Number of protein chains: 2
Amino acid sequence: MRENRTRFILLGMLELGPSHGYGLRQRIDESVGQFWQESWGQLYPTLRSLLSEGLIEEVEPGEEGTDMPRGRQSRVYCITDAGRAALAEWLAGDATPSVKRDELLLRTFFAHNGDPASLRRNIEASRDRVRLALARVEASQRMIAASETYLDRLDWWAMTARHGELQLRAHLQWCDEALALLDGGGER
Amino acid sequence: MRENRTRFILLGMLELGPSHGYGLRQRIDESVGQFWQESWGQLYPTLRSLLSEGLIEEVEPGEEGTDMPRGRQSRVYCITDAGRAALAEWLAGDATPSVKRDELLLRTFFAHNGDPASLRRNIEASRDRVRLALARVEASQRMIAASETYLDRLDWWAMTARHGELQLRAHLQWCDEALALLDGGGER
DNA sequence: CGACACATGTAAATGGTTACATGATTTT
DNA sequence: AAAATCATGTAACCATTTACATGTGTCG
């Protein structure tokens, strides 16, 4: 929490090419959506402050376009050298360890106080969500493998996808084990 | 975010036996600390509001003591029937899917803009933290296996520990793969 | 006697989501 | 003509952390 990472996601996404607020959020969802997300309430104000700090600048829509808006009213931004420097500086620093919060595990821990059917429902819902997420990760892995652009970034991107794959598979295995336990001795 | 889970953790922990603020935080750290944590700024005010809602009540220190304070000034709480009902009601509902935020992966995704040595340092730091966490999980698994109390809760507790084990092992494997990639073709 | 763990709280700041408000363009 | 998507933003609210403030008991 102590550092505002939204700034650096936006800088990193703009480093891939100029875009506008709405388009940046799409990029975020498609690329790092499995392990990060941004809301409008964060995105637009942060774009403004990056602009006022000179880390990004506004360009005319239509210029050298990588990701131009289809509608009319929109503001297209581009990263500046100062922005690139700020991004590099952030990357040179230490990551703050991620705070883990897992409500499903909390419910599992306290399951004694509720009924097994509710826990089962929640685990099944989680399993279904994670199966979808795994399908998305696998799709993204195929896209990375087939990509002919951004070649010098693909190794890193594949690494993040691989993390998702391992993490999600581990969770699926847990769901299976947990549901088996609920089926077996769980009723007592 | 929409639901204040702190309330239910405190209720769940008090269901194990009466305790005081400081002791509750210790219980939380020792039991669900791998996937949940509470700060003082959340804990004490929440205890107050649970008290005013009648979900917990204050008892004299020294009564039927499971977890009594060693120092002097302290307030010991006990869950009420209303509190047990509130906990059960929460458990009957649906879990809100956990929001995932992983700064290490963000740094990996944008690694192209920084230097490989910094990424390596961050991955190694994460691996070291996770090794420690895994050791704690394994210790907690041994404690659960050897426990002769709370028998009807042990299955659930073991399940949460198993989740930690699977998740942390998956992360360790990723760290190894990522470091190998950094050693190998990573320099180009 | 100094450091550290025990113990309880409050206040301010931050980070983040959600709902609101508005309107254009595309698709059905 | 309606619905969905594209597009930009603001305001209110909520959750959470961090720093502050205070004091006791224990151990070396």
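Since this is a predicted model, take the numbers as computed values, not measurements. Per chain, numbering begins at 1; letters A, B, ... match sequence-line order.
If you find the closest nucleotide of DNA chain C to Y77(B) and to R101(B), the one lying nearer the 5' end belongs to Y77(B).
Whole-Å rounding puts the D29(A) CG to dA7(D) P distance at 14 Å. Rounding to whole angstrom units, CG of residue L50(B) and C1' of dT8(C) are separated by 16 Å. If you take CG of L47(A) and P of dT8(D), they are 9 Å apart, rounded to a whole angstrom. Going from atom CZ of R75(B) over to atom C1' of dT8(C) covers 9 Å, rounded to whole Å. Across the protein-nucleic acid pair, N4(A) atom CG and dT17(C) atom P stand 11 Å apart, rounded to whole Å. Residue I9(B) contributes atom CD1, which lies 13 Å from atom C1' of dA15(D) at whole-angstrom precision. Here dG15(C) presents its P atom at 14 Å from CG of L10(A), a figure rounded to the nearest Å. In this entry the distance linking CG of L24(B) with P of dA7(C) reads 11 Å, nearest Å.
A sub-4.0 Å separation between OP1 or OP2 of dC6(C) and a side-chain N or O of Q26(B) is present. Applying the 4.0 Å criterion to OP1 and OP2 of dG15(C), one finds that R5(A) has every side-chain N and O outside that range. Contact annotation: R48(A) reaches the phosphate of dT10(D) (side-chain N/O to OP1 or OP2, under 4.0 Å). Contact between the side-chain N/O atoms of Y22(B) and the OP1/OP2 oxygens of dC6(C) is found at a separation under 4.0 Å.
The salt bridge (Lys or Arg N to Asp or Glu O under 4.0 Å) search around E30(A) returns none, not counting sequence neighbours. The side-chain contact (heavy atoms from CB on, under 4.5 Å) test applied to S140(A) returns I144(A), A161(A), not counting sequence neighbours. For R84(B), there are no side-chain hydrogen bond (donor to acceptor under 3.5 Å, both in side chains) partners at least two apart in sequence or on another chain.
Rounded to 10 degrees, the angle between the two end axes of the helix from dC1(C)-dG28(D) to dT28(C)-dA1(D) is 40°, with five pairs used at each end.
Atom OG1 of T160(A) sits about 9.5 Å away from atom CD of Q34(A), to the nearest 0.5 Å.
Counting only N and O atoms by type, the side chains of R5(A) and T96(A) include a donor and acceptor under 3.5 Å apart. In this structure, a donor-acceptor pair under 3.5 Å is absent between the side chains of E57(A) and T80(A).
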Sequence neighbours excluded and cut-off under 3.5 Å, please list the side-chain donor-acceptor pairs for residues 127-136 of chain B, or say none.
none

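No engagement by R7(B) is indicated, since no non-hydrogen atom pair under 4.0 Å with the nucleic acid exists.
Between R107(B) and E103(B) there is a salt bridge, since at least one side-chain N of the basic residue sits less than 4.0 Å from a carboxylate O of the acidic one.
Residues of residues 37-46 of chain B that place a heavy atom closer than 4.0 Å to DNA chain D, in numerical order, are S39(B), G41(B), Q42(B).
Aromatic ring pairs are classed by plane angle as parallel below 30°, tilted from 30° to 60° and perpendicular above 60°; the pair H163(B) and H171(A) is perpendicular.
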